[in-house]
Amino acid sequence: MTAPVLLRDVAIHPEFLSRAEQERLVADLRDCLRVAPLVTPVTPRGQKMSVAMSAAGRFGWVTDRKGYRYEERHPSGAPWPPIPDRVLAIWEAVSGSAQRPECCLINWYGEGARMGLHQDRDEADFSHPVVSISLGDDALFRIGNDRRGGKTESIWLKSGDVAVMGGAARLRFHGVDRIRFGSSTLLPKGGRINLTLRVVR
DNA sequence: AAGTTGCA
DNA sequence: ACCA
């Protein structure tokens, strides 16, 4: 395990997960997605997002014409599946938080998918970090400031990297500018899965 | 409002 | 690649 890299107060653990661990995680996630299939979310302004989304845990983050919020059920009406133990173990290893995450957002990036600069601020307590796990294709991650505007910095995240956004990084605007589609062999059809773990209440 | 585009 |  390599020492964490700091980028604008985000602690990035390169290659935190071995290839075998990544493969086991992907198998767990396939089980989750059978219960809670990926959906293409719509923003409150009616624009389709380019990422496909699902979740595990008590709460899932959702967006539609009504707004951004946490919901206890998938849009189908079914409860979200539990967060896999292997995912919880990563949180316990890096978060420094005594509380367990209540949401594991599952974002799937296909070719050309992006995530615009945004803040994670739909949670009640910002003293808990957000933990982000990268699986599959490389992603160009960008991080800025607590408010829109100003300088930003970017880094390529690779499969198995784990990023912790806590403290000064917790409310920074961040996003994904680009995916190097096909750069990893983890997912046979290509693409990237990002897991974000959060304490919601 | 977690998007999109045009321009430096 | 980056920003308004």
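Just so you know, these numbers use all the heavy atoms, side chains as well, and skip hydrogens, waters and symmetry mates. First the proteins, then the strands, lettered A, B, ... as listed; each starts at 1.
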Discussion item. Could you check whether any side-chain N or O of A:S159 sits under 3.5 Å from a backbone N or O of A:D137, counting only pairs where one atom can act as donor and the other as acceptor?
Written reply: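 A pair under 3.5 Å: no.
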Rounded interatomic separation in angstrom, taking [atom1] from [X] and [atom2] from [N]:
X: A:I155; N: C:dA1; atom1: CD1; atom2: P; result: 15 Å
X: A:R114; N: B:dA2; atom1: CZ; atom2: C1'; result: 12 Å
X: A:I143; N: B:dA2; atom1: CD1; atom2: P; result: 15 Å
X: A:F141; N: C:dC2; atom1: CZ; atom2: C1'; result: 16 Å
X: A:H118; N: C:dC3; atom1: NE2; atom2: P; result: 17 Å
X: A:K151; N: C:dA1; atom1: NZ; atom2: C1'; result: 15 Å
X: A:L117; N: C:dA4; atom1: CG; atom2: P; result: 11 Å
X: A:Y70; N: B:dA2; atom1: OH; atom2: P; result: 14 Å

Touch check for [X], heavy atoms < 4.0 angstrom, all strands: base, sugar-phosphate only, or nothing?
X: A:D64; value: nothing
X: A:S50; value: nothing
X: A:M115; value: base
X: A:T63; value: nothing
X: A:G67; value: base

Worksheet item: If pairing requires Watson-Crick or G-U wobble contacts with both distances under 3.5 Å, which nucleotide is the partner of B:dT5?
Response: C:dA4
Worksheet item: Are A:R148 and C:dC3 close enough that a side-chain N or O sits under 4.0 Å from OP1 or OP2?
Response: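 For C:dC3, OP1/OP2 do not have a side-chain N/O of A:R148 under 4.0 Å.
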Worksheet entry | Side-chain N,O (A:T152) to OP1/OP2 (C:dC2) below 4.0 Å |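 Looking at the OP1 and OP2 atoms of C:dC2, neither is under 4.0 Å from any side-chain N or O of A:T152.
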Fill in: Pair A:T185-A:R19, side-chain donor/acceptor within less than 3.5 Å
yes
Worksheet item: Could A:R69 and A:E71 be called an ion pair, given the rule that one side-chain N must be under 4.0 Å from one carboxylate O?
Response: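 Judged by the 4.0 Å cut-off on N to carboxylate O distance, A:R69 and A:E71 do form a salt bridge.
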Practice prompt. Identify which nucleotide among B:dG3, B:dA2, C:dA1 has an atom closest to any side-chain atom of A:R178, counting heavy atoms from C-beta outward.
Written response: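 Taking heavy atoms from C-beta onward, the closest nucleotide is C:dA1.
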Discussion item. Angle between ring planes, A:H174 versus A:H118, binned at 30° and 60°: parallel, tilted or perpendicular?
Written reply: tilted
Discussion item. Would A:R73 and A:W80 count as a cation-pi pair here, with the cationic atom under 6.0 angstrom from the ring centre and within 45° of the axis?
Written reply: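 Ring-cation test returns no.
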